[in-house]
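Everything below concerns the one structure shown next.
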Amino acid sequence: MRFLPVFLDLKAGPVVIIGAGELLRAKLRVLNAAGASLRVHAIDGNHDLGLGAEARVEISTSDPLTADLAGVIAVVCAGAGDVGVAMSARAKGLGLPVNVMDNLEHSSFIFPAIVDRGDVVVAIGTGGTSPVVARRVRERIEALLPARIGELAEFIGSFRKTINGRIAEFPLRRRFWERVIDGPIGAAVLAGRKGEADAALKAISDPSAFARASRPEGSVALVGAGPGDPDLLTIKALRALQDADIVFHDELVSPEILDRIRRDTTRVPVGRRIGKPGIGQDAINQRMIEAARSGQRVVRLKGGDPFVFGRGGEEVEALRAAGIAYSIIPGITAGLGGAADFEVPLTYRHEATRITFLTAHKARDAEAVDWSTLTDTRMTVVVYMGLTAAPAIRAGLLAAGRSPETPVGVFARVTRPDAEGAIGKLRDLPELVQRTQGGPAILIIGEVVRHAGSLRRQTPKQIISDLLDAAE
């Protein structure tokens with residue numbers, strides 16, 4: 001993130017805007033709608049700005065490069081040409097925020113796409129790289145936000161100081177406002193019945209008791225984070241992350257997904273990677289139980305799906321035994337995410353009618369598998385955490401009678417920007433593993449791998465190698 005979203009106090013001083021033509025007028029309309037006090041330098045001499053009589057505008061005929069900038073809070077250049085570049089240098093020298101339209105090099109701030117709901121303002125930026133993308137995001141947000149959400153924020157603001165003075169504990173204070181916003185009072189405001197909402201809030205004689213009444217007993221949500229792409233989180237999972245008081249997360253959960261957690265939520269890493277120390281499953285269970293018993297809303301955030309090699313079953317058993325309320329929010333497991341990412345149809349008419357998911361952390365895990373049950377050519381085998389055990393997996397399948405010509409794919413870091421795949425034959429499985437740059441990874445074994453579209457994700461070196469293999 002190059003540009004940090006900030007909000008200027010437009011009552012602190014004027015905004016100087018320099019430019020010409022429609023570009024100048026477009027920026028003027030945006031700033032005027034925001035209520036800014038404007039000092040305009042129209043370098044083309046055209047002072048017909050097209051603003052209403054209520055606009056707070058001062059037209060200046062002085063040279064902007066020498067004009068007094070005392071008290072100015074920002075400088076904007078739109079259609080100003082070389083004057084804009086020179087003005088940028090002057091503004092930066094004075095420590096003033098400056099925007100030169102369509103010129104990131106000379107801008108210290110940029111204009112986001114804006115969703116304006118009064119006291120609720122949403123700013124969407126793309127670092128100045130794609131205003132069209134920002135506008136498309138704005139359109140989605142416009143459709144989601146209630147029309148009176150700004151009125152709700154204003155309503156809360158009018159009571160906030162009084163209520164906060166009556167509730168000393170921050171977590172209890174937050175729960176009070178959550179109950180107000182999510183309950184009948186908030187619904188009344190959003191429906192345009194502000195008087196009714198005002199009376200209901202004033203009728204709350206004990207705000208602390210009101211907040212505690214809505215406070216559920218501590219609970220745990222086992223949440224599947226999916227294979228890595230934050231856009232694959234379910235809406236229910238995202239809501240759980242936003243409501244959580246504490247999140248215990250695995251090592252495999254991507255930073256982009258952790259960014260979806262509410263900022264003031266406690267985050268506790270409890271996962272481990274193969275070969276590295278961790279706190280152990282029993283300790284994780286105990287910490288979740290203790291947090292829930294203290295009244296916290298707990299999320300156990302797990303890569304993929306909690307019930308697909310995620311030890312979610314063990315955690316549920318521990319929660320049941322402790323009498324802790326829990327819920328389960330499934331996620332997209334890596335096998336499904338990887339298949340979609342690399343266009344491998346796990347089932348295919350007449351070719352693959354069954355799927356088996358298995359895990360093999362180490363060689364001894366692979367040796368414990370009854371490979372004789374996995375030799376059906378119409379079965380797709382998906383192996384989780386199989387990089388280390390790849391030689392043992394190959395040996396087990398070959399010994400059981402699976403053809404060494406069976407197509408195999410190794411797909412690493414699926415759905416993430418650095419995802420990569422290597423495709424070949426079962427006999428070459430360990431070599432395919434070596435061609436990926438580390439895990440987490442899944443192995444897909446079966447005829448369906450022939451249909452993969454993964455060459456689009458591979459490096460030129462891998463593509464050449466695959467083509468040479470195919471030519472042999």
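- The closest side-chain heavy-atom distance from T436 to F411 is not below 4.5 Å.
- With T415 contributing its side chain and G337 its backbone, the two residues share no donor-acceptor pair below 3.5 Å.
- When all heavy atoms of K302 and V253 are compared, the pair lying nearest together is C-CG2, 4.1 Å.
- The residues E169 and R174 are annotated as not salt-bridged, no charged nitrogen and carboxylate oxygen being separated by less than 4.0 angstrom.
- In this structure, I257 and L233 have side chains that are in contact, with non-hydrogen atoms separated by less than 4.5 Å.
- Considering all non-hydrogen atoms of both residues, F342 and A419 come closest at CZ-CB, 4.0 Å.
- When all heavy atoms of R25 and G21 are compared, the pair lying nearest together is NH1-O, 2.8 Å.
- Judged purely by atom type and a 3.5 angstrom limit, R39 has no side-chain atom pairing as donor or acceptor with the backbone of V57.
- One finds no salt bridge joining K194 and D198 here, because no Lys/Arg side-chain nitrogen approaches an Asp/Glu carboxylate oxygen to under 4.0 Å.
- For the residue pair Y348/T353, the side-chain donor-acceptor check at 3.5 Å is not satisfied.
- No donor-acceptor pair under 3.5 Å is formed between the side chain of D245 and the backbone N or O of Q296.
- The residues R117 and D119 are annotated as not salt-bridged, no charged nitrogen and carboxylate oxygen being separated by less than 4.0 angstrom.
- Using a 4.0 Å cut-off between a side-chain N of Lys or Arg and a carboxylate O of Asp or Glu, R413 and E420 qualify as a salt bridge.
- Ring-centre distance between F307 and F309: not below the 6.0 Å cut-off.
- Here the shortest heavy-atom pairing between I444 and T380 reads CG2-CG2, 3.8 Å.
- Summarising the local packing, CG of D82 is surrounded by 12 or fewer heavy atoms from other residues, nucleotides or ligands at distances under 6.0 Å.
- Between L69 and L96 the shortest side-chain heavy-atom distance falls below 4.5 Å.
- Side chain of R56 to backbone of G35: a donor-acceptor contact under 3.5 angstrom is found.
- Between R311 and E314 a salt bridge is recorded (basic side-chain N to carboxylate O distance below 4.0 Å).
- Within the 4.5 Å cutoff, no side-chain heavy atoms of R173 are placed close to those of I163.
- Shown here for A78 and K27, the closest heavy-atom pair between the two residues is CB-CG, 3.9 Å.
- Atom CD of E105 has 12 or fewer neighbouring heavy atoms from other residues, nucleotides or ligands inside a 6.0 Å radius.
- Residues D305 and P330 meet the side-chain proximity criterion, which asks for heavy atoms closer than 4.5 Å.
- If you look at F210 and F176, their ring centroids are closer than 6.0 Å.
- For the pair Y384 (side chain) and L358 (backbone), a donor-acceptor distance under 3.5 Å is absent.
- Counting only heavy atoms from C-beta outward, the side chains of R416 and D229 never approach each other to under 4.5 Å.
- Look at R160 and E154 and you find no salt bridge, because none of the NZ, NE, NH1 or NH2 atoms lies under 4.0 Å from a carboxylate O.
- A salt bridge links R136 to E139: one of the charged nitrogens lies within less than 4.0 Å of a carboxylate oxygen.
- For the residue pair Q281 / N285, a side-chain donor-acceptor distance below 3.5 Å is found, with atom types taken as modelled.
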Is there a side chain to side chain contact (heavy atoms under 4.5 Å, CB included) between I185 and F155? Walk through the geometry before answering.
CA-CA 10 Å; I185 297 175; F155 174 81; 3.8 Å; yes
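- For the pair S107 (side chain) and V100 (backbone), a donor-acceptor distance under 3.5 Å is present.
- Using a cutoff of 4.0 Å between basic side-chain nitrogens and carboxylate oxygens, R166 and D206 are not scored as salt-bridged.
- Between V15 and V72, the closest side-chain pair of non-hydrogen atoms is not below 4.5 Å.
- For the residue pair A360 and A389, the shortest heavy atom distance occurs at O-CB, 3.7 Å.
- Ion pairing between a basic and an acidic side chain is recognised when a charged N comes within 4.0 Å of a carboxylate O; R320 and E317 show such pairing.
- In this model, no donor atom of one side chain and acceptor atom of the other lie less than 3.5 Å apart for R300 and Y326.
- Ionic pairing of R260 and D231 is present here: one or more N-O contacts between side-chain nitrogen and carboxylate oxygen are shorter than 4.0 angstrom.
- Within a 6.0 Å radius of CG in D243, other residues, nucleotides and ligands contribute more than 12 heavy atoms.
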